[in-house]
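To keep things clear, I will list the structure first and then write my remarks on it.
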2 protein chains.
Amino acid sequence: MNPTPLLEASGARTATAQVHEAIKQRILDGVYRPLEFVREAAVAKELEVSRTPVREALRELVSEGWLEAIPHQGARVTEWTEKDAREVFELRLVLEPMAVGLACRHIDAATLAHLDDLASRMETLTETPLDGAGHSELASLNHEFHRLLIQASDNQRLAQILESVVRTSIIRRNFASYDRSALKRSMQHHREMLIAIGAGNAAWAENVMRAHLLAARVLHVSVDSTAASASPP
Amino acid sequence: MNPTPLLEASGARTATAQVHEAIKQRILDGVYRPLEFVREAAVAKELEVSRTPVREALRELVSEGWLEAIPHQGARVTEWTEKDAREVFELRLVLEPMAVGLACRHIDAATLAHLDDLASRMETLTETPLDGAGHSELASLNHEFHRLLIQASDNQRLAQILESVVRTSIIRRNFASYDRSALKRSMQHHREMLIAIGAGNAAWAENVMRAHLLAARVLHVSVDSTAASASPP
DNA sequence: ACTCTTACGATTGCATGCAATGTAAGAGAT
DNA sequence: ATCTCTTACATTGCATGCAATCGTAAGAGT
């Protein structure tokens, strides 16, 4: 076996890429808390690399919004405020419907089948009471469902933007706060979206997505009823 | 005076930040052409710094989409295709109306006055025939107008996304292809938006913005009439 | 007791040398 | 002539040492 297995697990990529992943994971896992500084030397020692790849990984993470850089002082985990949650939801509420709308034009049968499979597996999961592992698996499947849908929009920039916007906001947000009826409704939204997409009905799909997101919002944030909707294009 | 004034012009920031700006400017100016590799050693020698700040600047530019990294081979300027132009326009067509809609709720009198001033100066410019410098100034004012409007949306993420999406697409796109009537129409759009915002009428402002962008598109890209509009929220 | 100054420690910022890797040119065989 | 293997070179990837800078806490002065 390898004598230094600390980073080797993630394939044969560059050290910078591996450090990048490692730090991101620790942020997601809550090992590095908001406003806490991530010190170059400490990470380097812990992962058994020099400070150089750590520095480069930190700069990348700053560009992606995971950390904020303070000159001559270091990089610290970005804080997550109510305003951040609001901003992200405003964006998702516009961008995800846009994505499914575009997907209606571009999607192929194989992707649709894959989405169908994911929806089925989620439905199966929700038929029995869920433990912790079940919630985790459901969250994973759900994330994959949305990711695949967004990829099908055939707009690479949109996909990248949504990926970064959504992932930084998740931080292990799961379905623990969903009651039984909310869960079933969420699964039905997925189904309905696939039917709308299969029918090529963009408007239908977009509105189901908006309903899906708004329904989720009530469960996650203290809803401010700024329900002032935007106007039709 | 300083004996090495090559980079000192841009204030007293870090070398990395200055190299970052320098390379970005050269991409915008066309010194570095699409698909051309930007070599660490060459930039370092030219700007009289070591390879370290160059490496860090390159990584940042990759994260921002100006360059694409190829492992062990370097970073090259991203190519700009018709598909890229389409993607960016699809995004702007959704995000900029969203921004002005939000701005209707959050804007303050001072910002509105500033926007009014910018609109006036652009109108003055368009009253006489334009030379190259005039086009450049108009483009600059126009960019500032849109930037300020987007800031007024009070959604920091939206502003950052639009900034990156729009700026990488500009590459010195100016108003040279605008004829007289198109220019005047564009200026009127600005005015109308400000009036709509002043009246707090989000739907009005959003639709003017969409018209503004669609009118600009016909002048820039070979329009594909995929005028299939999205549905109302 | 409070404020301003100053010196120290910790941390990032930058330079440079060496190792790893990928590319391309050239020799040899078919 | 074409294909393959080898080898040398150019370039990035990484490690390490030193310099610049910032925060902090101790100490002098009011």
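Just so you know, these numbers use all the heavy atoms, side chains as well, and skip hydrogens, waters and symmetry mates. Here is how names work: the chains are called A, B, and so on, in the same order as the sequence lines, proteins then strands, and each is numbered from 1.
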Checklist entry - DNA chain D in dot-bracket, Watson-Crick or G-U pairs under 3.5 Å, [ ] crossing, | other strand? => result ||||||||||||||||||||||||||||||
Checklist entry - Just how far, in rounded Å, is P of D/dT12 from CZ of B/R59? => result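 That distance rounds to 11 Å.
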Please list, chain by chain and in numerical order, all residues satisfying side-chain contact (heavy atoms from CB on, under 4.5 Å) with [X], sequence neighbours excluded.
X	result
A/Q151	A/R147, A/Q156, A/A159
B/D84	A/R157, B/W80, B/T81
A/E137	A/L125, A/L141
A/R39	A/F37, A/A42

Checklist entry - Do other residues, nucleotides or ligands put more than 12 heavy atoms under 6.0 Å from the CD atom of A/Q160? => result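 No.
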Next on the checklist: My understanding is that only residues two or more places apart in sequence, or in another chain, count here; which of them pass ring pair (Phe, Tyr, Trp, His ring centres under 6.0 Å) with B/F145?
Outcome noted: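 B/H190.
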Item to check | Neighbours of DNA chain C within residues 67-79 of chain B, by heavy-atom distance under 4.0 Å | outcome: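 Per residue number, the list reads B/H72, B/Q73.
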Item to check | Test salt bridge (Lys or Arg N to Asp or Glu O under 4.0 Å) applied to A/R59 - qualifying residues, sequence neighbours left out | outcome: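 Partners of A/R59 under the salt bridge (Lys or Arg N to Asp or Glu O under 4.0 Å) test: B/E56, B/E60.
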Checklist entry - Under the salt bridge (Lys or Arg N to Asp or Glu O under 4.0 Å) test, which residues partner B/E36, sequence neighbours left out? => result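 So B/E36 forms no salt bridge (Lys or Arg N to Asp or Glu O under 4.0 Å) with any residue.
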Next on the checklist: Going by salt bridge (Lys or Arg N to Asp or Glu O under 4.0 Å), name the pairs with one or both residues in residues 93-104 of chain A, residues two or more places apart or in two chains.
Outcome noted: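 Passing the test, one end in residues 93-104 of chain A: A/R92-A/E96.
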Checklist entry - Salt bridge or not for A/K83 and A/E87, using N-O below 4.0 Å? => result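 A/E87 and A/K83: salt-bridged.
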Checklist entry - Nucleotide range of DNA chain C contacted by chain B, 5' to 3', under 4.0 Å to a heavy atom? => result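 Nucleotide range in contact with chain B: C/dC14 to C/dT23.
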Next on the checklist: Any donor-acceptor pair under 3.5 Å linking the side-chain atoms of A/T111 with those of A/D108?
Outcome noted: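 Judged by distance alone, the side chains do pair up.
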Item to check | Members of residues 31-41 of chain A that approach DNA chain D, where some heavy atom sits under 4.0 Å away | outcome: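 Within this stretch, nothing sits under 4.0 Å of the strand.
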Checklist entry - Can you name the closest pair of heavy atoms from A/A202 and A/C104 and give their distance? => result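 Closest approach of A/A202 to A/C104, heavy atoms only: CA-SG, 3.6 Å.
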